[in-house]
Amino acid sequence: MRRFSAWCFSSRASNTTPRREHPQRSTVSMENPQSNNGNTKPEIVNQGMAGSNGNNASNIIMNHDFSGGLCSWHPNSCCCSVVPAELGHPGFFTKPGGNYAVVSNRTECWQGLEQDITSRVSPGSTYSVSAYVGVSGLIQRPADVLATLKLEYRDSPTGYLFIGKTSVSKEKWEKLEGTFSLSTMPDRVVFYLEGPSPAVDLLIQSVVIHCSSSSDFSYASNQCEDTGDGDGNIILNPKFEDGLNNWSGRGCKIVLHDSMADGKILPQSGKVFAAATERTQSWNGIQQEITGRVQRKLAYEAIAVVRIFGNNVTSADVRATLWVQTPDLREQYIGIANLQATDKEWVQLQGKFLLNSNPKRVVIYIEGPPAGTDILINSLVVRHAEKIPPSPRPVIENPAYGINIIQNSNLSDGTNGWFPLGNCTLSVATGSPRILPPMARDSLGPQEPLSGRYILITKRTQTWMGPAQMITDKIKLFLTYQVSAWVKISSGASGPQIVNVALGVDNQWVNGGQVEISDDRWHEIGGSFRIEKQPSKVMVYIQGPAPGVDLMVAGLHIFPVDREARFKHLRIQTDKIRKCDVTLKVSGMDSGGFLGAFLKVRQTQNAFPFGSCMSKTNLDNEDFVSFFVKNFNWAVFGNELKWYWTEAQKGNFNYRDADEMLDVCIKNNIETRGHCIFWEVEGAVQPWIKALNKNDLMTAVQNRLTGLLTRYKGKFRHYDVNNEMLHGSFYQDRLGKNIRAYMFKTANQLDPSATLFVNDYHVEDGNDTRSSPEKYIAQILDLQEQGAPVGGIGVQGHIDSPVGPIVCSALDKLGYLGLPIWFTELDVSSINEYIRGDDLEVMLREAFAHPAVEGIMLWGFWELFMSRDNAHLVNAEGEVNEAGKRYLGLKEEWLTGAHGHLNEQGEFTFRGFPGAYEVEIFTLCKKFTKTFVVDKGDTPVVVSIDLK
């Protein structure tokens with residue numbers, strides 16, 4: 001005899017958090033609409049505990065017929081028991097050996113039986129519901145039984161979705177039917193049956209919910225089926241073993257092959273591969289819908305085996321991309337991975353992605369090569385990305401900080417250790433500077449004078465020809481090396497010449513610093529580099545001037561930098577320029593009450609601007625928003641304010657994204673920078689702008705200024721007016737030299753409250769002669785001479801292996817202009833989180849310790865939402881990594897704490913950073929807690945605190 005299962009719960013809404021499972025997967029999808037390959041659909045695989053009814057193969061309800069007792073079911077504020085049919089209510093017919101549930105002790109009509117189906121439903125799919133129900137008890141007339149969905153949201157009220165109802169007479173089973181579809185995915189979805197009057201028992205024999213349609217996309221996959229592959233892959237038919245089922249062409253045709261090109265192209269694995277052919281656009285390719293099989297806030301890795309074929313293209317960019325349709329029907333494109341594929345061999349395309357919200361639809365596709373070139377794909381895997389533990393901090397034995405690794409640097413032994421790269425001639429001459437270049441002196445401190453000898457390089461017939469030296473065995477991984485030298489060129493050169501210290505690391509070229517020379521003086525060259533993977537060969541060489549131009553090199557130094565040693569100096573400098581003397585003047589105590597009074601001062605927020613980039617999609621991730629609000633007080637929008645975003649097509653405006661982001665910032669007291677009004681680099685200009693004639697382009701520029709600046713007047717504290725003018729000239733080439741100053745002057749007229757910035761990259765690292773500090777200064781002075789109200793200097797800060805004195809040198813030069821300097825897009829990159837943290841600390845300390853720097857903006861911090869790999873501070877699923885911990889540690893270091901006793905006048909003096917504070921004052925019989933603010937200033941600050 002079977003035991004009864006009986007549970008009683010006392011509240012309607014369960015407070016327990018539902019267990020989140022990976023989404024169910026399926027083996028079957030509709031066939032490719034463009035290719036009838038004769039394959040037929042196999043039988044749908046059963047999901048969940050479908051029981052013994054063979055017609056419930058795709059049922060998403062677990063334990064649908066109560067053969068497992070009450071497993072997976074929960075009574076809602078009532079009691080429930082499972083009754084074997086042979087012991088059941090008289091008059092009810094139930095299949096032999098079957099069970100049914102009895103829901104009793106009902107005091108409200110909404111009380112019934114429920115099941116959490118969150119992990120088994122997907123937005124955009126239509127589900128059919130069929131349940132056999134009955135009633136028992138004090139019933140005078142037929143009672144209504146309802147099927148309902150409860151939709152729970154983290155930050156919104158719970159919703160209820162009616163599915164269907166049926167009228168039930170006593171002692172008779174009735175079939176309840178209905179359908180439902182979710183446009184968005186709530187945090188929790190609960191199915192339940194309810195309805196009869198209080199004191200009437202609700203009887204349930206079975207419940208079936210199955211997916212009747214997956215979407216209205218002709219190529220969509222059936223989301224109610226199961227792959228059964230067992231490897232976590234959410235891609236259906238990933239190796240084309242079931243033909244082209246589940247796959248479709250994105251604007252093109254797809255076909256299946258077992259070989260191509262007369263047998264020269266065979267599958268890397270398996271028996272077949274697919275080809276996306278008859279492609280007329282670069283975005284055409286092969287695709288699969290994965291709606292409902294990806295979960296928000298989980299990182300996924302995608303791995304595809306691909307190659308190209310045809311159209312006389314031997315190499316082309318191949319990309320994996322995610323197309324996302326949001327619940328409000330907006331479209332997003334997320335780049336997953338790209339690489340250069342060839343027609344010679346299969347290659348692995350690999351990348352990661354994460355969805356911040358529950359989209360309506362998600363499609364992954366392979367695209368990229370030019371029209372007419374086929375994309376071949378052998379397999380595709382998309383699965384939850386494995387969490388890889390961080391690499392340990394590198395242990396570097398005997399780093400030999402400050403020791404020059406260049407042999408015979410002073411040339412006391414002639415050219416021994418040096419060799420000519422190419423057919424040039426090396427000789428030694430005298431007359432070069434005898435002091436170290438300034439940036440090297442700042443790193444090394446007092447040194448012996450240089451020898452005054454230099455290498456003269458003549459008979460140069462190629463730009464790359466110059467003196468070289470092998471340093472393979474002298475390089476240590478993960479050390480940051482500073483590069484320093486004096487360089488000069490012969491007179492008679494035609495125009496400015498670039499001289500570069502280069503490194504050949506196996507087959508890669510690494511920039512060690514460069515300078516532009518237009519006279520016959522000696523010039524300092526400075527740069528840095530770091531190697532993080534073991535090379536087989538490293539060569540350093542000096543190159544650059546045009547053929548026939550003689551080159552002179554003196555005092556080349558390459559040495560590892562002790563960055564921690566410089567931090568000691570920066571801490572002292574920070575205290576000097578960022579802190580001020582603060583005197584708390586306490587009143588409101590009785591006479592003599594100050595004696596013995598003790599206080600503790602704690603700073604709660606530093607007033608210095610620390611900000612970050614964000615995107616609209618980040619706002620859907622509450623973990624991202626929480627971290628942002630807690631750790632930043634300024635924001636900049638990555639793309640959403642740029643012209644190509646707000647007006648991608650002429651006259652079709654999209655300010656909605658920027659509006660929503662601005663609302664979040666205002667709500668959380670976060671100041672915002674406007675990035676950017678224009679972008680001078682031609683590649684960032686939308687096609688319809690490029691197609692305009694001069695007059696129409698000028699009108700479009702005027703409309704852009706008026707539309708943006710009037711809409712957001714007073715809301716953005718800064719604007720980057722025309723981004724990267726040192727690296728592009730689209731508007732200047734078409735509208736004349738005065739257009740840049742016009743943009744500044746008009747923006748200022750439209751919104752006088754905003755500070756207007758120039759903004760450019762590689763200004764601070766010595767690696768780009770186009771954006772040297774000297775050229776940046778010349779550009780700013782030229783704008784000012786034309787009347788442009790330039791109010792700030794934006795240094796982007798996309799930097800590798802930073803060295804403090806090099807960065808500081810650039811800031812010192814820019815500081816002569818007297819304008820505020822902001823790091824506007826700071827990011828650093830290293831595969832090792834500890835080294836990344838070191839780089840970030842260099843940049844933050846240098847910026848915070850420099851008197852001309854008035855703000856620091858990171859160019860993102862969350863993995864998969866940054867422009868550079870290996871630059872994130874928070875991993876994709878919300879874990880703060882070692883670099884992030886370094887940032888948080890510095891933020892904590894730059895908060896002031898102090899304690900002590902009030903003097904007889906009720907005063908307490910300390911030195912602290914500007915910002916918000918809390919003070920606790922302890923007297924003999926009472927404790928007082930007060931808050932106060934220290935404003936930035938050059939004079940001591942007096943803060944009055946009244947305890948009354």
If we count only N and O atoms by modelled type, under 3.5 Å, do the side chains of R250 and Q288 hold a donor and an acceptor together? no
F632 ring center within less than 6.0 Å of Y887 ring center: yes
Have a look at H675 and tell me which of F637, W645, W634, W859 forms a ring-ring contact (aromatic ring centres under 6.0 Å, His included) with it. W859
Would you list the atom pairs, donor with acceptor, under 3.5 Å between side chains in residues 825-832 and any protein atom, with sequence neighbours excluded?
residue: E825; atom: OE1; partner: H798; partner atom: NE2; Å: 2.8
residue: E825; atom: OE2; partner: N759; partner atom: ND2; Å: 3.1
residue: D827; atom: OD1; partner: H798; partner atom: ND1; Å: 3.0
residue: D827; atom: OD1; partner: R868; partner atom: NE; Å: 3.3
residue: D827; atom: OD1; partner: R868; partner atom: NH2; Å: 3.2
residue: D827; atom: OD2; partner: H798; partner atom: ND1; Å: 3.2
residue: S829; atom: OG; partner: D869; partner atom: O; Å: 2.8
residue: S829; atom: OG; partner: N870; partner atom: O; Å: 3.4
residue: S830; atom: OG; partner: E532; partner atom: OE1; Å: 3.2
residue: S830; atom: OG; partner: E532; partner atom: OE2; Å: 2.6
residue: S830; atom: OG; partner: N832; partner atom: N; Å: 3.2
residue: S830; atom: OG; partner: N832; partner atom: O; Å: 3.4
residue: N832; atom: OD1; partner: Y834; partner atom: N; Å: 2.9
residue: N832; atom: OD1; partner: I835; partner atom: N; Å: 3.2
residue: N832; atom: ND2; partner: P392; partner atom: O; Å: 2.9

Between CG on residue D620 and CD on residue E660, distance to nearest 0.5 Å: 8.5 Å
In this structure, CG of D839 is separated from CD1 of I799 (nearest 0.5 Å) by 8.0 Å
Counting only heavy atoms not in L329, do more than 12 fall under 6.0 Å of its CG? yes
Taking ring-ring contact (aromatic ring centres under 6.0 Å, His included) as the test, write out the residues that go with F627, two or more places apart. F861
Check whether the side chains of Q115 and R120 place a donor and an acceptor atom closer than 3.5 Å, and report yes or no. yes
Yes or no on side-chain hydrogen bond (donor to acceptor under 3.5 Å, both in side chains) for T158 and E152, after CA distance, side-chain angles and deciding distance? CA-CA 5 Å; T158 297; E152 297 181 0; 5.2 Å; no
If you draw a 6.0 Å radius around NZ in K239, do more than 12 non-hydrogen atoms from other residues or ligands fall strictly inside? no
Please determine, by modelled atom types, if N237 and D242 share a side-chain donor-acceptor pair under 3.5 angstrom. no
Can T277 and D374 be said to form a side-chain hydrogen bond (donor to acceptor under 3.5 Å, both in side chains), step by step? CA-CA 5 Å; T277 188; D374 291 355; 3.0 Å; yes
Do Q796 and T824 pair up side chain to side chain, a donor and an acceptor below 3.5 Å, judged on atom types alone? no
Looking at CD1 of I254 and CD1 of I375, how far apart are the two atoms once the value is rounded to the nearest 0.5 Å? 11.5 Å
With a 3.5 Å cut-off and no angle check, do the side chains of D623 and S626 form a donor-acceptor pair? no
Which residue pairs pass the ring-ring contact (aromatic ring centres under 6.0 Å, His included) test when at least one of the two sits in residues 273-292, sequence neighbours left out? H257-F273, F273-W346
Please check: side-chain N/O of R319 versus main-chain N/O of N338, any donor-acceptor pairing under 3.5 Å? no
Sequence-distant partners of K271, salt bridge (Lys or Arg N to Asp or Glu O under 4.0 Å), two or more places apart: none
Are the charged groups of R530 and D838 less than 4.0 angstrom apart, N to O? no
When you compare the side chains of E367 and T321, does any donor N or O come within less than 3.5 Å of an acceptor on the partner? yes
Roughly how far apart are H210 NE2 and Y127 OH, rounded to 0.5 Å? 11.0 Å
Residues passing the salt bridge (Lys or Arg N to Asp or Glu O under 4.0 Å) test with E278, sequence neighbours excluded, are none
With sequence neighbours excluded, tell me which residues meet salt bridge (Lys or Arg N to Asp or Glu O under 4.0 Å) with K344. none
